[in-house]
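Structure first, commentary second.
Chain identifiers are assigned alphabetically (A, B, ...) following the order of the sequence lines, protein sequences preceding nucleic acid strands; residue numbering begins at 1 within each chain. Treat the numbers as computed from the prediction; the structure is a model and nothing was measured.
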Number of protein chains: 2
Amino acid sequence: MTAQVRGLHARVLDTLGPAITGGDYPPGSVLRMDELSKEFEVSRSVMREAVRVLESMHLVESRRRVGVTVLPAPEWNVYDPQVIRWRLAGADRPRQLRSLTVLRSAVEPAAAGLAATHATAEQCATLTECAIGMVANSRGRQLEGYLLHDIEFHRTILRASGNEMFARLGDVVAEVLTGRTHHQVMFEDPDPAAVTLHVKVAEAVRERDAARAEQLTREITLGALEELDVLAP
Amino acid sequence: MTAQVRGLHARVLDTLGPAITGGDYPPGSVLRMDELSKEFEVSRSVMREAVRVLESMHLVESRRRVGVTVLPAPEWNVYDPQVIRWRLAGADRPRQLRSLTVLRSAVEPAAAGLAATHATAEQCATLTECAIGMVANSRGRQLEGYLLHDIEFHRTILRASGNEMFARLGDVVAEVLTGRTHHQVMFEDPDPAAVTLHVKVAEAVRERDAARAEQLTREITLGALEELDVLAP
DNA sequence: ACCCGAAGATAAGTCTGACTTTTAAGTCAC
DNA sequence: GTGACTTAAAAGTCAGACTTATCTTCGGGT
């Protein structure tokens with residue numbers, strides 16, 4: 001689905017990264033370069049590249065005469081998309097999903113408010129199309145089609161805010177929504193109330209009603225939080 | 001001030017990173033490995049490590065038979081603390097400062113609300129101490145002392161929220177506040193209204209009044225945004 | 001004239017071995 | 001026990017040879 005070759009170091013990262021974020025190596029653990037390169041059957045140069053990347057994510061720290069030390073979780077660059085993906089694939093997925101959803105509920109309403117004043121005509125059109133797509137796929141277990149439009153909707157809102165920091169969270173939201181659909185068991189069709197809210201947000205943005213767009217989006221994210229409370233302990 | 005040796009690759013990054021985020025190499029520019037290693041007078045292995053890190057930040061993309069291509073700004077991992085520092089040191093500092101302040105105004109009120117219900121007794125005490133420190137340094141051009149307490153205040157709020165994503169923004173807020181104090185010419189003492197608001201937030205958190213903590217923090221960040229509107233065009 | 005496939009060239013990717021540098025830890029004299 | 005000195009372990013650096021993917025070009029066929 002994703003990778004092919006993409007470089008040896010990337011393949012090392014694909015297993016070493018999740019292992020660290022997954023807690024296989026508790027903080028303080030010390031790894032040694034040549035042991036790692038033996039274990040992964042790659043040359044030291046490839047191994048160093050991988051370790052350098054982990055170091056830039058603040059997952060590990062490399063010191064002479066000591067080795068590669070695993071850092072405690074609070075040090076990690078949890079906004080790095082790759083780290084997010086690794087953690088969502090791992091064991092503490094529920095906790096991760098919750099903290100990301102809380103972040104969403106802080107950011108997305110603000111983004112929607114800004115989008116109402118900054119969105120281009122094209123972006124308004126995209127929002128409406130997405131909302132229509134969500135409605136069309138909201139019944140009869142068409143979860144995949146629904147998800148695609150849902151992701152595009154939120155991504156457009158974040159981009160239309162005109163704030164690069166908000167825009168960059170589009171991928172994060174996509175991961176959260178995908179995770180919710182695929183892993184969290186969704187027996188039923190999406191909440192009709194949520195669908196209606198999306199339609200109304202598209203409407204509010206088109207009509208340049210910032211306060212309403214913000215408030216409606218707040219209701220959407222609040223709903224997501226409540227849903228999380230129900231499905232996860 | 002900061003670095004010493006920290007590895008050759010890090011020294012390369014210190015000049016190549018800012019050069020890219022600063023726009024010295026427009027998106028699409030192609031760099032070649034051996035030219036770079038010549039230019040920086042390091043071996044290719046060191047250069048590769050540096051490029052791998054830049055690649056993990058999505059600043060560049062390395063492809064066989066082509067070279068190292070600079071990616072357009074929307075691709076960059078703008079939440080990476082190092083990227084933030086590079087950009088704040090560069091030319092589009094004002095734009096960066098604004099987008100970060102908008103982010104603050106979305107996140108910090110929510111964090112304060114959560115902090116009101118999650119803060120430990122110790123964290124409440126820290127908040128009060130910081131507020132007192134801010135009051136004490138609010139007159140007579142004691143900007144450095146004021147800044148230190150201001151940073152610690154906001155960092156504590158973010159940490160006390162109990163949300164790791166919020167907590168991780170502590171460094172970002174510190175950079176913004178430091179930037180505002182040092183680069184933005186601050187002729188006068190801090191706004192007395194802001195000082196009062198901080199004291200009240202500490203109070204609200206201590207009294208577990210989430211709504212009030214959130215609202216007061218919203219006023220603080222709104223003030224920061226207005227201040228930016230006045231000082232920057 | 002146009003399309004397609006083969007050959008060549010180019011730059012990144014990989015591996016290996018020798019060497020350097022930092023620094024933790026152990027040792028010895030006082 | 002304290003401090004200076006020695007030792008050794010691990011990361012860091014470098015250089016060179018080789019491999020691999022892929023873009024370009026050139027030639028043959030229709």
Side-chain angles (χ1 to χ4, degrees), chain A residues 1-17 19-20 25-72 75-76 82, chain B residues 1-17 19-20 24-72 75 82:
Chain A
M1 175 189 177
T2 43
Q4 325 221 32
V5 187
R6 211 170 87 252
L8 271 185
H9 80 106
R11 257 190 283 176
V12 171
L13 282 175
D14 279 344
T15 79
L16 191 50
I20 293 174
Y25 304 96
S29 306
V30 175
L31 313 170
R32 252 162 288 124
M33 277 291 198
D34 39 6
E35 284 186 14
L36 286 172
S37 54
K38 276 267 157 67
E39 189 181 331
F40 288 96
E41 298 177 303
V42 294
S43 68
R44 283 164 302 149
S45 36
V46 168
M47 203 59 214
R48 328 196 76 257
E49 292 170 25
V51 168
R52 280 282 115 82
V53 172
L54 292 175
E55 210 174 13
S56 88
M57 295 168 174
H58 285 87
L59 259 52
V60 303
E61 187 188 40
S62 177
R63 279 171 55 202
R64 270 178 154 138
R65 167 68 212 233
V66 175
V68 178
T69 315
V70 177
L71 294 175
E75 299 277 339
W76 300 347
Q82 194 149 36
Chain B
M1 178 188 173
T2 43
Q4 324 218 35
V5 186
R6 211 169 87 254
L8 270 185
H9 79 107
R11 256 189 284 176
V12 172
L13 282 175
D14 279 343
T15 80
L16 191 51
I20 293 173
D24 292 5
Y25 304 97
S29 307
V30 176
L31 313 170
R32 252 161 290 128
M33 277 290 197
D34 39 5
E35 283 185 14
L36 286 172
S37 53
K38 275 267 156 69
E39 188 182 331
F40 287 97
E41 298 177 303
V42 294
S43 68
R44 278 164 302 152
S45 35
V46 168
M47 202 60 216
R48 325 195 81 257
E49 291 170 26
V51 168
R52 282 282 115 83
V53 172
L54 292 175
E55 211 173 12
S56 87
M57 296 168 173
H58 285 86
L59 260 51
V60 302
E61 188 188 40
S62 177
R63 277 172 56 202
R64 268 178 154 137
R65 167 67 215 233
V66 175
V68 178
T69 315
V70 177
L71 294 175
E75 299 278 340
Q82 195 150 33

Requested in this report: Let me know, please, whether A:R63 or B:V51 comes out on the 5' side of the other along DNA chain C by nearest nucleotide.
Outcome: B:V51
Report task. Measure from CD on A:E55 to P on D:dA11 and round the result to the nearest Å. Result -> 12 Å
Query raised in the report: How close do B:L71 and B:H58 get, heavy atom to heavy atom, and via which atoms?
Result: CD1-O, 3.4 Å
Report task. Quick one: do B:V46 and B:F40 satisfy side-chain contact (heavy atoms from CB on, under 4.5 Å)? Show the steps, please. Result -> CA-CA 10 Å; B:V46 168; B:F40 287 97; over 6 Å; no
Requested in this report: For A:E35, enumerate each residue passing the salt bridge (charged side-chain N to carboxylate O under 4.0 Å, His left out) test, keeping only those at least two apart in sequence or located in another chain.
Outcome: A:R32
Query raised in the report: For the residue pair B:V70 and B:P26, what are the closest heavy atoms and their distance?
Result: CB-O, 3.9 Å
Distances under 3.5 Å between protein N/O atoms and the N/O atoms of nucleotides 15-19 of chain D, please, pair by pair.
{"from": "D:dG16", "atom 1": "N7", "to": "B:R44", "atom 2": "NH2", "distance (Å)": "2.7"}

Query raised in the report: For B:E49 and D:dT13, what is the distance between atoms CD and C1' respectively, to the nearest whole Å?
Result: 9 Å
Requested in this report: Provide the start and end nucleotides, 5' to 3', of the part of DNA chain C that has atoms under 4.0 Å from heavy atoms of chain A.
Outcome: C:dT14 to C:dA24
Pairs: protein N or O with nucleotides 7-9 of chain D N or O, under 3.5 Å:
{"from": "D:dA8", "atom 1": "N3", "to": "A:R65", "atom 2": "NH1", "distance (Å)": "3.2"}

Report summary line: Here the distance between atom P of D:dT13 and atom CZ of B:R48, to the nearest Å, is 15 Å
Query raised in the report: For the residue pair A:S56 and B:S56, what are the closest heavy atoms and their distance?
Result: OG-OG, 3.3 Å
Query - Non-neighbouring partners of A:R65 that pass side chain to side chain donor-acceptor pair (under 3.5 Å), sequence neighbours left out - result: none
Requested in this report: Quick one: closest heavy-atom pair of B:A50 and B:V12, and the distance?
Outcome: CB-CG1, 4.0 Å
Query raised in the report: Passes side-chain contact (heavy atoms from CB on, under 4.5 Å), B:E39 versus B:L16? Steps please.
Result: CA-CA 11 Å; B:E39 188 182 331; B:L16 191 51; over 6 Å; no
Query raised in the report: Excluding sequence neighbours, so at least two apart, what forms side-chain contact (heavy atoms from CB on, under 4.5 Å) with A:R48?
Result: A:M33, A:R52, B:E49
Report task. For B:V60 and B:V51, work out which heavy atoms get closest and say how close. Result -> CG2-O, 4.1 Å
